[in-house]
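Ligands are counted one by one from 1 in listed order, and the atoms in each one are counted from 1 as well.
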Amino acid sequence: MGHLSTSERVCSKTPIPGDASPPPLLARRAKLANGDAQQQVRRGEDSSPELPPRGKLSLPQKEDTAKKVVPQSIVNHVPKDQINLEEYKRTFIGDNVLGWQFEAPLKWDKVIQISLLHIVAVGVLLTYPLHRLNWYSVFWAFFVGGVAGFGVTAGAHRFWTHRSYKANGILRTLLMISYCVAGQNTLYDWVRDHRVHHKYSETDADPHNANRGFFFSHVGWLMMLKHPEVLRRGRQIDMSDILEDPVVQFHQKYFYVLKVIFCFLLPTIVPVYLFGESWSLAFAQQCLFRYVSSLNFTWSVNSAAHLWGSRPYDKRIMPSENIFVSVIAMGEGWHNYHHVFPWDYKAAELGNYKVNFTTMVLDGFHKLGWAWNMKQPSKELVRRILEKYGDGSHVSQGLDSGKDYAAIGASQMVGNVHYAEVPDPELEYDAESSSTESAKLDENENEGERMKKSKKMICT
Ligand SMILES: [Zn+2]
Ligand SMILES: [Zn+2]
């Protein structure tokens with residue numbers, strides 16, 4: 001989501017996917033978000049000879065963590081919180097590799113790990129002995145992939161990041177274990193990255209800023225140091241709910257053990273002992289094909305769903321409705337809607353369970369009584385927003401439909417169910433006034449600027 005005042009957003013043009021140079025408005029947004037210091041770093045004006053060597057950036061700095069009591073187990077795993085930002089900014093100079101100038105210093109360990117993983121996975125796939133294909137193993141791979149996807153979409157995303165529903169202890173534990181199956185970052189890092197992403201979409205403070213192109217928003221951002229603005233804004237994100245959650249604390253404490261067991265060991269052992277699969281093929285299926293696919297499916301939400309698709313709810317932002325991403329990411333591709341109404345547990349307004357598998361499972365847990373308070377915006381609010389800001393591609397605005405919004409009814413709501421709406425009053429207001437959470441925040445930040453202007457007007 002963007003974070004400009006409404007008047008600035010109205011003037012914006014839809015950016016062209018793949019266009020390397022950000023549109024003027026977005027460039028202005030980036031500048032607003034960053035200030036001049038970052039621009040200087042880009043120009044290399046700050047590259048003084050006294051710079052400490054790279055790799056010795058982080059010195060403990062307590063100012064941001066001192067406000068709340070942070071469990072030691074989490075602090076130990078979040079060294080980014082202790083980085084001296086001023087020093088970090090000074091040394092944030094892009095690497096030049098064989099004439100390719102990168103915007104940030106590369107994390108060579110990640111470059112090698114991620115590249116190798118993909119190269120080996122593709123190589124093994126191309127030479128896979130198809131005559132030894134075991135359909136039980138194939139089914140198992142899809143099942144494990146589904147569990148991993150559910151952990152990311154229903155757990156890390158819809159539950160922990162957006163708090164779009166409430167869950168009992170059993171479901172929270174299941175979500176955490178499912179998330180471990182995906183083999184991604186710690187929950188703490190995931191949630192903070194995603195909250196920053198929503199607040200500062202498509203600016204330098206967005207960890208996977210889609211204005212930096214498909215590759216960067218897909219995977220490149222994991223291979224280079226985070227922009228200083230990501231760290232600075234990340235420290236301002238309220239993570240108190242995450243820090244206090246015992247399930248997250250447990251995950252943080254045993255992160256590596258849980259990842260190895262649930263992402264690699266168990267999924268590989270099961271087909272060997274239950275379906276008579278060979279160790280090497282079971283390893284290839286789970287630790288290469290399933291793992292690599294699952295990572296790319298998640299990443300496609302940050303890349304493809306920010307670059308390609310329609311924008312029926314808010315044409316001023318980049319996140320888009322992308323059915324392809326919705327299918328592979330279990331319902332997370334309805335991204336234009338999601339950025340406008342991030343607290344909706346369905347992460348979509350329309351569609352069905354086929355393109356929103358996560359919602360189907362969550363509805364099941366709701367029936368069981370393990371999930372409740374499933375938040376959704378009021379239909380009236382959705383209608384008002386899409387009529388005001390949408391690009392006209394909503395099904396209720398189709399040329400041949402002749403339907404008005406009310407006529408769509410329950411039939412096209414996700415899963416054909418529509419629980420009692422549980423709007424969040426504060427966010428409802430936000431969506432109505434600006435259609436983003438961050439707009440409000442930045443409008444507050446720019447308050448000083450406006451005050452100055454209005455004073456000037458009074459004086460003249
Ligand atoms: Zn997004
Ligand atoms: Zn989100």
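- Annotation: angle subtended at the Zn ion (ligand 2) by His338 NE2 and His198 NE2 is 90°, to 10°.
- Considering the Zn ion (ligand 2) as centre, the angle to NE2 of His162 and to NE2 of His157 is 100° (10° rounding).
- Ring geometry for His339 versus His198: interplanar angle under 30°, hence parallel rather than tilted (30 to 60°).
- Ring pair Tyr313/His394 is perpendicular by interplanar angle, where above 60° counts as perpendicular and below 30° as parallel.
- Vertex the Zn ion (ligand 1); arms to His306 NE2 and His335 NE2; angle rounded to 10 degrees, 100°.
- Under a 3.5 Å cut-off, the side chain of Arg163 and the backbone N or O of Trp343 do not form any donor-acceptor pair.
- Electrostatic pairing of Glu332 and Arg158 counts as a salt bridge here, judged by a charged N lying under 4.0 Å from a carboxylate O.
- The Zn ion (ligand 1) is the vertex of the angle joining NE2 of His197 and NE2 of His339, which measures 100° to the nearest 10°.
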